Amino acid sequence: MEDTAVLNTNIIVDSPNVVYTDSEIISSYDYSDARVHGNILTPTTERLVFKTERHVPRVGALLVGWGGNNGTTLTAGILANKLGLSWETKEGTKTSNYFGSICKSITVRVGIDDNQKPVYVPLNNVIPLLDPNDLEIWGWDISGVNMGDAMRRAKVLDWNLQQQIYPMLKEMVPMPSIYLPEWIAANQEDRADNLIHGTKFEMMNKIRHDIRDFKNSKGLDKVIVVWTANTEKYCVVRHGLNDTAEHLLNSIREDSDEVSVSTLFAVASILEECTYINGSPQNTFVPGCIELAERFNVLIAGDDFKSGQTKLKSVLSDFIINSGLKLQSVVSYNHLGNNDGKNLSTPETFRSKELSKSGVIEDVVRANRLMYKYDESPDHCVVIKYVPFVGDSKRAMDEYVNEIFMGGKNTIALHNTCEDSMLAAPLILDLIMLAELCTRIQVKRDKDEKFTKMHPVMSILSFLLKSPLVPSGSPIIHCLFPQRYAIINFLKALIGLPPESFLMLEHRLE
Ligand code: NAI
Ligand code: DG6
């Protein structure tokens with residue numbers, strides 16, 4: 001007999017605190033923590049009421065950089081899943097799947113059965129989520145190559161799968177985009193043949209028009225815009241330029257050189273009241289952009305998809321330090337040969353990625369002042385090299401050196417073949433699915449009269465992002481398992497279930 005059970009259906013919570021109507025799930029939830037004053041701790045409980053729309057609307061995603069490796073891999077992957085395609089490889093027949101997507105491929109413990117065995121359900125059975133096979137997908141690219149040839153150019157998916165998908169993707173051509181060469185590497189110039197022209201204000205309005213057009217022509221209820229285009233250099237943040245929403249909008253009207261392309265897309269999206277996700281490391285979300293999102297109550301998330309090496313780092317640094325070992329040095333080499341690697345081979349674009357890949361151990365170090373002094377942190381070095389031959393199969397080599405008991409040293413060396421875009425595509429899907437869910441949630445504190453939407457900055461999506469954007473003043477969590485349980489426990493709260501505590505007292509008491 002199995003010692004766990006998996007329920008493959010939607011679940012219903014039978015509780016006085018949970019009400020199901022035709023259109024909503026309303027859950028009254030006690031959020032517990034403890035308040036600390038000096039050395040006195042007072043347990044606290046706050047009653048929250050969550051209201052989640054049950055109906056998943058018709059959703060479309062617009063990808064900026066659609067014709068790139070991530071964009072083509074995601075689009076082909078969804079199509080293959082929708083059509084239930086399988087294909088031959090030298091290792092045998094492969095079938096379409098959504099491995100790598102937490103929304104589609106993980107299960108969550110929801111309770112115990114009468115025999116005290118844990119019962120698991122797929123994450124997308126906890127609460128209604130968008131089915132990726134229903135997602136309408138389109139986008140912009142500065143390269144006018146059709147999506148079939150762009151998929152071939154990416155050299156990511158198996159050839160036999162490409163051959164089946166090619167005729168369908170060939171009919172899809174990215175919309176022209178904004179190209180301002182100074183924001184990305186000069187080596188991208190030869191791709192830029194599918195462009196819109198005009199002042200920044202005019203180009204942003206064209207993007208707004210494209211969003212509206214896509215929404216209307218496909219009969220969609222919601223559109224989510226995702227930046228999966230090249231990494232840009234950082235932009236300056238300056239008083240009068242982009243520090244407030246008003247200043248940023250003025251700077252766009254005045255055609256200021258210092259407004260980046262990605263910020264133009266984010267502003268266009270916010271003004272169209274569409275959720276915007278930044279999958280690259282640059283600081284698209286300047287303070288004025290965040291203020292604009294807050295003003296329009298539009299959800300935003302970023303920065304930089306967390307796929308391979310950094311995901312592992314956010315596990316290993318947690319594992320090492322929270323095992324009581326003193327992580328003293330982390331050195332991360334990457335080499336890759338895709339267009340992303342080519343674009344990152346200039347100092348300015350590399351710097352954006354270096355910053356995003358380097359921040360990941362900060363919170364776990366800061367939380368431990370037993371082993372680390374206040375100004376102390378491990379040596380951390382990130383190297384990225386462009387090696388065309390390895391293509392999208394990025395190689396990531398990491399060395400972790402830990403100081404252990406009584407002056408000993410423990411060295412961990414890793415080699416990780418990342419298959420970059422096949423790791424990133426399902427993350428993009430998760431970001432879209434979870435962001436869409438967030439737009440259906442409203443919350444009310446006991447003392448509040450009205451329900452409000454969630455905070456526009458969706459830090460709940462941190463699991464999927466290397467450098468999570470959080471509401472001002474909120475701590476940034478990088479460690480992977482806390483990030484994942486934040487999502488799982490939040491989804492459980494929406495249906496009135498307690499957070500996963502791992503206590504298992506039913507097995508530990510007499
Ligand atoms: P890619 O270089 O294959 O694709 C980027 C696409 O963006 C290209 O087709 C390019 O023509 C297009 N593009 C550039 N500027 C544009 C603009 N202004 N408007 C519209 N399109 C534009 O790169 P890939 O591998 O798809 O990655 C995309 C982004 O995601 C990069 O910034 C990368 O650093 C980031 N990323 C990728 C991960 C991965 O594992 N593949 C993981 C984490 C982040
Ligand atoms: C070099 O690391 C290229 C980058 O674009 C990464 O491949 C990408 O950001 C994924 O990084 P990671 O650290 O999550 O594997």
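Keep in mind it's a predicted model, so treat the numbers as computed, not measured. For the single chain, residues carry numbers from 1 onward in sequence order. Whatever order the structure lists ligands and atoms in, that order sets their numbers, starting from 1.
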Part of K394 within contact of ligand 2 (heavy atoms, under 4.0 Å)
side chain
I384, portion touching ligand 2 at heavy-atom distance under 4.0 Å:
side chain
Distance-only side-chain donor-acceptor flag, D304 / S467, under 3.5 Å
no
For K466, the atoms of ligand 1 under 4.0 Å from one of its heavy atoms are 43 (C)
Is it true that R351 and E354 have a side-chain N and a carboxylate O under 4.0 angstrom from each other?
yes
Scan side-chain atoms only and decide if K313 and S332 contain a donor-acceptor pair under the 3.5 Å cut-off.
yes
Under 3.5 Å, N or O to N or O, is S143 touching ligand 1 that way?
no
Is it the side chain (CB and beyond), the backbone, both or neither of K342 that lies under 4.0 Å from ligand 1, heavy atoms counted?
neither
Looking only at distances, please establish whether an N/O atom of ligand 2 is found under 3.5 Å from an N/O atom of K306.
no
With a 4.0 Å cut-off on N to O distance, would you call E272 and K215 a salt bridge?
no
D420: numbered ligand 2 atoms lying under 4.0 Å from its heavy atoms
6 (C), 7 (O)
May I ask whether L423 has any heavy atom positioned less than 4.0 angstrom from an atom of ligand 1?
no
Tell me the contacting part of L423 for ligand 2: side chain, backbone, both, or neither, using a 4.0 Å heavy-atom threshold, strictly below.
neither
Who's closest to atom 40 (O) of ligand 1 heavy-atom-wise, of L464, D193, D420?
D420
Could you identify the single nearest non-hydrogen protein atom to atom 5 (C) of ligand 1 and state the distance to 0.1 Å?
N230 OD1, 3.1 Å
If you compare all heavy atoms of V298 against all heavy atoms of I270, which two are closest, and at what distance to 0.1 Å?
CG2-O, 3.6 Å
The atoms of ligand 1 lying under 4.0 Å from a heavy atom of D304, numbered in the order shown, are 43 (C), 44 (C)
How close do E258 and K200 get, heavy atom to heavy atom, and via which atoms?
N-NZ, 4.3 Å
Return yes or no for this condition: an N or O of Y179 is under 3.5 Å from an N or O of ligand 1.
no
Is the closest heavy-atom distance from V64 to ligand 1 below 4.0 Å?
yes
Test: R295 and E246 ion pair at under 4.0 Å:
yes
Indicate yes or no: does an N/O atom of F265 lie under 3.5 Å from an N/O atom of ligand 1?
no
Please report whether ligand 1 has a polar contact with L344, defined as an N or O pair separated by less than 3.5 Å (distance criterion only).
no
Nearest atoms (heavy-atom pairs only) where K82 meets N133:
CE-O, 2.8 Å
How about S260 and T263: does a side-chain donor come under 3.5 Å of a side-chain acceptor?
yes
I need the atoms of ligand 1 closer than 4.0 Å to a non-hydrogen atom of D340, numbered in the order shown.
2 (O), 23 (O), 25 (O), 31 (C), 33 (C), 34 (O)
Under 4.0 Å to a heavy atom of T310 - the qualifying atoms of ligand 2, by number
12 (P), 13 (O), 14 (O), 15 (O)
Distance filter under 4.0 Å to K357 heavy atoms, resulting ligand 2 atoms
2 (O), 11 (O), 12 (P), 13 (O)
Using a distance-only test with no angle check, is there a side-chain donor-acceptor pair under 3.5 angstrom linking N146 and D149?
yes
With a 6.0 Å cut-off (strictly less than), is the heavy-atom count around NZ of K326, excluding the residue itself, greater than 12?
yes
Assess whether a salt bridge exists between D210 and K206, defined as any Lys/Arg side-chain N lying under 4.0 Å from an Asp/Glu carboxylate O.
yes
Between K311 and ligand 2, is there a nitrogen or oxygen pair with a distance under 3.5 Å?
no
N410 and E403 side chains, donor-acceptor separation under 3.5 Å
no
Numbering as shown, the atoms of ligand 2 that approach G308 to under 4.0 Å (heavy-atom distance)
12 (P), 14 (O), 15 (O)
When you measure from the heavy atoms of A396 to every atom of ligand 2, does any distance fall below 4.0 Å?
no
Flag R153 as yes when one of its N or O atoms lies below 3.5 Å from any N or O atom of ligand 1, and as no otherwise.
no
Which of the listed options, K353, K357, E232, holds the heavy atom that is closest to atom 34 (O) of ligand 1?
K353
Ignoring angles and geometry beyond distance, decide whether D392 reaches within less than 3.5 Å of ligand 1 through its nitrogen or oxygen atoms.
no
Go through ligand 1 atom by atom and flag the ones less than 4.0 Å from a non-hydrogen atom of R191.
8 (C), 9 (O), 10 (C), 11 (O)
Tell me if the aromatic rings of W66 and W140 count as close, with their centers under 6.0 Å from one another.
no
N69 heavy atoms, cut-off 4.0 Å: which ligand 1 atoms fall inside?
1 (P), 3 (O), 4 (O), 25 (O), 26 (O)
Cut-off 3.5 Å, side chains only: do S262 and W227 have a donor facing an acceptor?
no
Classify the contact between V261 and ligand 1 as side chain, backbone, both or neither, using a heavy-atom distance cut-off of under 4.0 Å.
side chain
Does a donor on one side chain and an acceptor on the other come within less than 3.5 Å for D303 and Q282?
no
Within the 4.0 Å heavy-atom shell around D340, which atoms of ligand 2 are there?
3 (C), 4 (C), 5 (O)
Atom 26 (O) of ligand 1 [closest protein heavy-atom partner, distance rounded to 0.1 Å]
N70 N, 2.8 Å
Per-residue contact class, Q188 against ligand 1 - non-hydrogen pairs under 4.0 Å:
neither
Specify side chain, backbone, both or neither for K313, according to which of its non-hydrogen atoms lie closer than 4.0 Å to ligand 2.
neither
Quick one: which ligand 1 atoms are inside 4.0 Å of a heavy atom on S177?
17 (C), 19 (N), 20 (C)
Would R153 and S143 count as having a side-chain donor-acceptor pair, cut-off 3.5 Å?
yes
Tell me which one of G65, G279, A229, A185 gets a heavy atom nearest to atom 29 (C) of ligand 1.
A229
Any Lys/Arg nitrogen of K222 or E436 sitting under 4.0 Å from an Asp/Glu carboxylate oxygen of the other?
yes
The answer for which part of S307 has a heavy atom under 4.0 Å from ligand 1 is side chain
What atoms in ligand 1 come closer than 4.0 Å to a heavy atom of G67?
9 (O)
More than 12 heavy atoms from other groups under 6.0 Å of OH on Y372:
yes
heavy-atom search around atom 2 (O) of ligand 1 in the protein gives N339 ND2, 2.8 Å
Below 4.0 angstrom from a heavy atom of K353, which ligand 2 atoms are there? Numbered from 1 as shown, please.
4 (C), 5 (O), 8 (C), 9 (O)
Looking at atom 4 (O) of ligand 1, what's its closest protein heavy atom, distance included?
G68 CA, 3.2 Å
Can T349 and S352 be counted as having a side-chain donor-acceptor contact under 3.5 angstrom?
no
Heavy atom under 4.0 Å from ligand 2: found in T231's side chain, backbone, both, or neither?
neither
For residues S269 and I211, report the shortest heavy-atom separation together with the two atoms involved.
CA-CD1, 3.9 Å
Give the C-alpha distance, both sets of side-chain angles, the deciding distance and a yes or no for salt bridge (charged side-chain N to carboxylate O under 4.0 Å, His left out) between K104 and D430.
CA-CA 8 Å; K104 292 296 288 176; D430 281 339; over 6 Å; no
